[in-house]
Amino acid sequence: MPALPTFLYGTAWKEDRTAALTELALRTGFRAIDTANQRKHYFEAAVGEALSAAYRKGIITRDNLFLQTKFTYQRGQDHRLPYDPCAALATQVMQSLASSLEHLGTDHVDSFILHGPASHHEWTDADVEVWEAMQKERDAGRTRLVGVSNVALVHLQQMKSSGTELPAFVQNRCFARLGWDREVRSFCSEHKITYQGFSLLTANPEVLQHSPFLALARSLAATPAQVIFSFSRAVGILPLTGSTDPEHLKQDLASLDINLPLEIVQGIESMSG
Ligand SMILES: NC(=O)c1ccc[n+]([C@@H]2O[C@H](COP(=O)([O-])OP(=O)(O)OC[C@H]3O[C@@H](n4cnc5c(N)ncnc54)[C@H](OP(=O)(O)O)[C@@H]3O)[C@@H](O)[C@H]2O)c1
């Protein structure tokens, strides 16, 4: 059973380059892959092709790989649905995961994520049905862990107050101007939920263009992106990168070896928001 990953390679928006880039990430040393059964933004079957090539070439084995996929409601999909849209939501969840397992050539994933709740403002009855169905998939051994994505504090609070099982993961876009999603992160740390952060670079140009931050990166002989990723680990964020550049992929992994002094971590955390 693979331990929790330290860095996730994200496979969104890669279309025909998905297989080659996923294999490149694995060859570079990534051991955790994030995908989704949402053809609009991800090409999950091509991720599966990369995995089988990597197994064949001896780059990885299934046992040392962390695989994460997602269930996406119909409104987040285009016409290429991995389930029958007329079926009950619980059935859609089952069909979506069965299709993911086929795409990925495995009998289980390590993490299965609800891509986004049905409403931005509350945890709805639809979410309750989907979340229960996801837990049944977990209990049946088709995923090790279950999680949620694109959630606000209110969703997590409602889950808690209704007494439902809390997620193992929260995967959110992480804005520095919101204190790096401070409220959600603090709920997560209080409830032992692993927070996964995406768009750490693209959502935060004001940090990456801030002269003192650039000077700090230079003084550490690191790239600005590496400082962001290293900072994220230091505050308990499990980062995602979807880099398409071989050098960036190496730099992203190398950021795990950078140890930022506490005062620098605190300085970055309070830079905005
Ligand atoms: N749950 C959700 O709703 C959701 C939404 C969005 C994304 N995600 C997941 O998160 C993954 C990552 O997405 P993201 O939004 O964080 O964006 P991303 O696809 O990782 O893009 C990040 C940008 O940063 C650049 N970059 C990466 N490493 C760099 C480095 N070391 N130095 C300089 N530039 C660097 C990349 O350029 P290069 O290609 O040139 O390196 C790219 O332009 C996705 O693939 C997906 O798996 C999930």
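All ligand and atom numbering here is 1-based and tracks the order in the structure. Every value quoted in this text rests on a predicted model; they were computed, and no experiment measured them.
- For atom 29 (C) of ligand 1, the protein comes within 4.0 Å by at least one heavy atom.
- Among all protein heavy atoms, the one lying closest to atom 46 (C) of ligand 1 is Tyr42 OH, 3.3 Å.
- Residues Val47 and His103 have side chains not in contact (no heavy-atom distance under 4.5 Å, counting atoms from C-beta outward).
- Annotation for Glu102: atom CD does not count as buried by contact number, only 12 or fewer foreign heavy atoms lying within 6.0 Å.
- The shortest contact between atom 47 (O) of ligand 1 and any protein heavy atom is with Asp34 OD2, 2.6 Å.
- Linking Ile, Leu, Val, Met, Phe, Trp and Tyr whenever their side-chain heavy atoms come within less than 4.5 Å puts Val265 and Leu220 in one cluster.
- Atoms of ligand 1 found under 4.0 Å from any heavy atom of Gly10, numbered from 1 in the order shown, are 11 (C), 44 (C), 45 (O), 47 (O).
- The closest approach between any non-hydrogen atom of Thr223 and ligand 1 is not below 4.0 Å.
- Annotation for ligand 1: atoms under 4.0 Å from non-hydrogen atoms of Leu240 are 9 (C), 10 (O).
- Of the candidates Gly242, Pro224, Ser199, Ala36, the one placing a heavy atom closest to atom 14 (P) of ligand 1 is Ser199.
- Side-chain atoms of Gln92 and Gln74 form no donor-acceptor pair, as typed in the model, at a separation below 3.5 Å.
- A salt bridge links Arg39 with Glu15; the closest basic N to acidic carboxylate O contact falls under 4.0 Å.
- Atoms of ligand 1 lying under 4.0 Å from any heavy atom of Ala225, numbered from 1 in the order shown and given with element: 30 (C), 31 (N), 32 (N).
- Salt bridge absent: Lys136 and Glu132 never bring a charged side-chain N and a carboxylate O closer than 4.0 Å.
- Protein heavy atoms are absent from the space less than 4.0 angstrom from atom 43 (O) of ligand 1.
- Taking hydrophobic clusters as Ile, Leu, Val, Met, Phe, Trp and Tyr residues chained together by side-chain heavy-atom distances below 4.5 Å, Trp123 does not share a cluster with Val154.
- Taking each of Asp252, Leu114, Thr244, Leu201 in turn, the one with a heavy atom nearest to atom 39 (O) of ligand 1 proves to be Thr244.
- What sits closest to atom 5 (C) of ligand 1 on the protein, heavy atoms only, is Phe198 CE1, 3.2 Å.
- Using a 4.0 Å cut-off between heavy atoms, Thr202 contacts ligand 1 through its side chain alone, with no backbone atom that close.
- Between Asp181 and Arg173, no side-chain nitrogen of the basic residue sits less than 4.0 Å from a carboxylate oxygen of the acidic one, so the salt-bridge criterion is not met.
- Atom 13 (O) of ligand 1 has Trp13 CZ3, 3.7 Å as its closest protein atom, hydrogens excluded (heavy atom only).
- Between Leu145 and Leu4 there is a side-chain heavy-atom pair separated by less than 4.5 Å.
- Taking a cut-off of under 4.0 Å to the non-hydrogen atoms of Gln171, the atoms of ligand 1 that pass are 1 (N), 2 (C), 4 (C), 48 (C).
- Looking at Leu26 and Ile33, their side chains come closer than 4.5 Å, going by heavy atoms from C-beta outward.
- Of the options Gln251, His115, Lys70, His248, the smallest heavy-atom separation from atom 33 (C) of ligand 1 is shown by His248.
- Aromatic ring centres of Phe30 and Phe7 lie closer together than 6.0 Å.
- Scanning the protein heavy atoms around atom 3 (O) of ligand 1, the nearest turns out to be Asn150 ND2, 2.8 Å.
- In terms of protein heavy atoms, atom 36 (C) of ligand 1 is closest to Ser243 CA, 4.4 Å.
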